Each structure stands twice: as structure tokens, then as C-alpha cells.
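Quick notes on the structure that follows.
Positions are given from 1, in the same order as the sequence printed here. This one's a predicted model, so the numbers in the text were calculated from it and none came from an experiment.
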Amino acid sequence: MREGEYAAERMERQKMTKKVTVQITGTQRLTFEKDEEEERTQQAWTGIYSCRNGKHFVIYEEDDGEGHRTQNTIKADQDGFEITKRGAVCTYLVFQPGRQHVCSYETPFGPLPLQLKTRTVEMELPGDDGGAPGSLRLRLTACYVLEWDRQTAAVCEVCIHVCEA
């Protein structure tokens, strides 16, 4: 591809991106504790949405409040969704109904080998064009079991809601 073709492709991608608000709610029921206490978190960020070849992408950046940043990429299609984290935390999480995925959750304190067993995935995906201006809605929900050291550590649910900013 020549430089002019690269520039044209970049311009086309910029037309297909939309500024979005990403809201993520997570619920974890810790099973290794006697009381099985439930913890719920909710956070929101600003990001960018795009759709290419039937795959929906959302990119946003987290800041832990101490200056450590992590870039997140969510990729969704009809089979499920993936979350890739790069930066202060690094991992690759795959959520597909009835599937298991082994991953390493890399933190500043060291790696944590995990296994995700996805029970269910519910998705509401926009059309390939992202919908009419101002109407973009993307909803992803996964219920999964998180294992560490071959034992169930938590039963979790993650809900991701993306809407045009």
C-alpha cells in the first residue's frame, strides 16, 4: 500500500469512529471466604467506538488514581467478546458462552494465572454502521466463574454499556 492509500484508509477509519461513554459494572461473589460476600463496582470512562468487518471495537483508558494507566480494547462480534488490557495491568480475557479461557492477569505486583469459565453471554450489538447519529448503543453482559489455582475464587458478572457521548 502506498502512502496516499494509507492516508485515505486513516481518513475512512476516522469517519467511522464515534466518541462514547463506557460504563462497566462488575459483581463478584467471593467463594473462598466463609461468608461468600458480594462486591459490586461501577466505573465510567470516555472512549472511542468503531465497527470494522462486522466486529465492534471500543477503546478507552483507565487511570488508577496513582498515575498508572491501562489502555483497554473491547472487541465484540456474534460469538462473544474480548477485553485486552495493556499498561499497568495486562491481560487478554475472552467471554464466549460455555467456553473456558486460561489467561495471565499481569499486575505491578506480579502475574496471576486465572481461568475464566463463561456461563452466559448476552449482547445487544448495533448495526455495522453504528446506527443513526446519537443512537449508538452497545450492551455486553457475561456471567462467569473465575478460578485461581484450580479452585473457584469467585462467581462474577460484568456488564458493559456503551453509548454515544
Side-chain angles (χ1 to χ4, degrees), residues 9-10 12-29 39-65 67-108 111-148 153-165:
E9 185 177 318
R10 270 196 319 273
E12 188 61 30
R13 282 190 186 158
Q14 287 174 346
K15 282 190 238 176
M16 296 171 45
T17 63
K18 297 182 180 191
K19 188 174 179 179
V20 293
T21 299
V22 182
Q23 182 176 355
I24 299 180
T25 303
T27 305
Q28 302 83 29
R29 191 175 74 243
E39 180 180 312
R40 184 179 175 100
T41 59
Q42 187 170 348
Q43 297 177 310
W45 299 277
T46 299
I48 299 293
Y49 165 87
S50 65
C51 183
R52 295 187 304 275
N53 301 322
K55 297 186 186 320
H56 303 268
F57 296 88
V58 178
I59 299 171
Y60 64 95
E61 190 171 89
E62 292 178 53
D63 185 333
D64 67 359
H68 303 111
R69 296 187 180 281
T70 301
Q71 181 178 349
N72 298 273
T73 302
I74 299 169
K75 180 173 88 171
D77 61 22
Q78 71 278 1
D79 297 325
F81 65 97
E82 307 167 358
I83 301 173
T84 304
K85 293 178 168 283
R86 292 192 177 110
V89 173
C90 296
T91 195
Y92 174 64
L93 308 170
V94 178
F95 300 96
Q96 293 176 317
R99 304 283 308 266
Q100 298 180 27
H101 176 72
V102 175
C103 66
S104 180
Y105 202 86
E106 306 282 336
T107 73
L112 187 61
L114 299 173
Q115 184 172 18
L116 298 177
K117 293 183 176 181
T118 305
R119 291 180 172 170
T120 61
V121 172
E122 294 178 16
M123 299 188 298
E124 182 183 317
L125 302 174
D128 288 345
D129 63 356
S135 69
L136 175 70
R137 295 270 187 273
L138 172 70
R139 292 179 192 270
L140 308 169
T141 301
C143 296
Y144 60 99
V145 175
L146 185 64
E147 289 187 354
W148 177 67
V155 177
C156 307
E157 180 179 79
V158 61
C159 301
I160 302 168
H161 179 220
V162 178
C163 61
E164 201 163 342

Between atom [atom1] of [X] and atom [atom2] of [Y], what is the distance when rounded to the nearest 0.5 Å?
| X | Y | atom1 | atom2 | result |
| --- | --- | --- | --- | --- |
| Glu62 | His68 | CD | NE2 | 13.5 Å |
| Cys163 | Lys18 | SG | NZ | 12.0 Å |
| Cys143 | Phe95 | SG | CZ | 10.5 Å |
| Ile74 | Ile160 | CD1 | CD1 | 4.0 Å |
| Glu122 | Arg139 | CD | CZ | 11.5 Å |
| Glu61 | Thr46 | CD | OG1 | 11.5 Å |

Just so I know, are the side chains of [X] and [Y] near enough to count as touching, which here means a heavy-atom distance under 4.5 Å?
| X | Y | value |
| --- | --- | --- |
| Thr17 | Phe57 | no |
| Leu116 | Val94 | no |
| Thr84 | Lys75 | no |
| Trp148 | Pro113 | yes |
| Tyr49 | Val22 | no |
| Leu146 | Leu114 | yes |
| Gln96 | Asp79 | yes |

Inset, instruction - Apply salt bridge (charged side-chain N to carboxylate O under 4.0 Å, His left out) to Asp77 and list each qualifying residue two or more places apart in sequence or on a separate chain. - result: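 Only Lys55 meet the salt bridge (charged side-chain N to carboxylate O under 4.0 Å, His left out) criterion with Asp77.
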
Inset, instruction - On the 0 to 90° scale, with breaks at 30° and 60°, tag the Tyr92-His101 ring pair as parallel, tilted or perpendicular. - result: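 Answer is perpendicular, since the angle exceeds 60°.
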
Inset, instruction - For side-chain contact (heavy atoms from CB on, under 4.5 Å), just list the numbers for Tyr60 and Val162, CA-CA rounded to whole Å, side-chain angles, deciding distance to a tenth of an Å, and then say yes or no. - result: CA-CA 11 Å; Tyr60 64 95; Val162 178; over 6 Å; no

Considering all heavy atoms, the nearest [X]-[Y] contact:
| X | Y | result |
| --- | --- | --- |
| Gln78 | Leu125 | N-CD1, 4.3 Å |
| Ala165 | Thr21 | CB-OG1, 3.9 Å |
| Ser104 | Glu106 | OG-OE2, 2.6 Å |
| Ala142 | Tyr144 | O-CD2, 3.8 Å |
| Val20 | Val58 | CG2-CG1, 4.4 Å |
| Val121 | Gly80 | CG1-CA, 4.5 Å |

Legend entry - Full working for side-chain contact (heavy atoms from CB on, under 4.5 Å) between Arg29 and Val155: CA-CA 5 Å; Arg29 191 175 74 243; Val155 177; 3.7 Å; yes

Legend entry - Ser50 and Arg52 side chains, donor-acceptor separation under 3.5 Å: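 There is such a pair between these side chains.
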
Inset, instruction - Let me know which of Thr91, Asn72, Thr73 forms a side chain to side chain donor-acceptor pair (under 3.5 Å) with Lys85. - result: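 Testing each of Thr91, Asn72, Thr73 against Lys85, the sole residue satisfying side chain to side chain donor-acceptor pair (under 3.5 Å) is Asn72.
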
Inset, instruction - Could you walk me through whether Phe81 and Leu138 pass the side-chain contact (heavy atoms from CB on, under 4.5 Å) test, one step at a time? - result: CA-CA 12 Å; Phe81 65 97; Leu138 172 70; over 6 Å; no

Legend entry - Glu147/Lys117 ion pair, N-O < 4.0 Å: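 A salt bridge links Glu147 with Lys117.
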
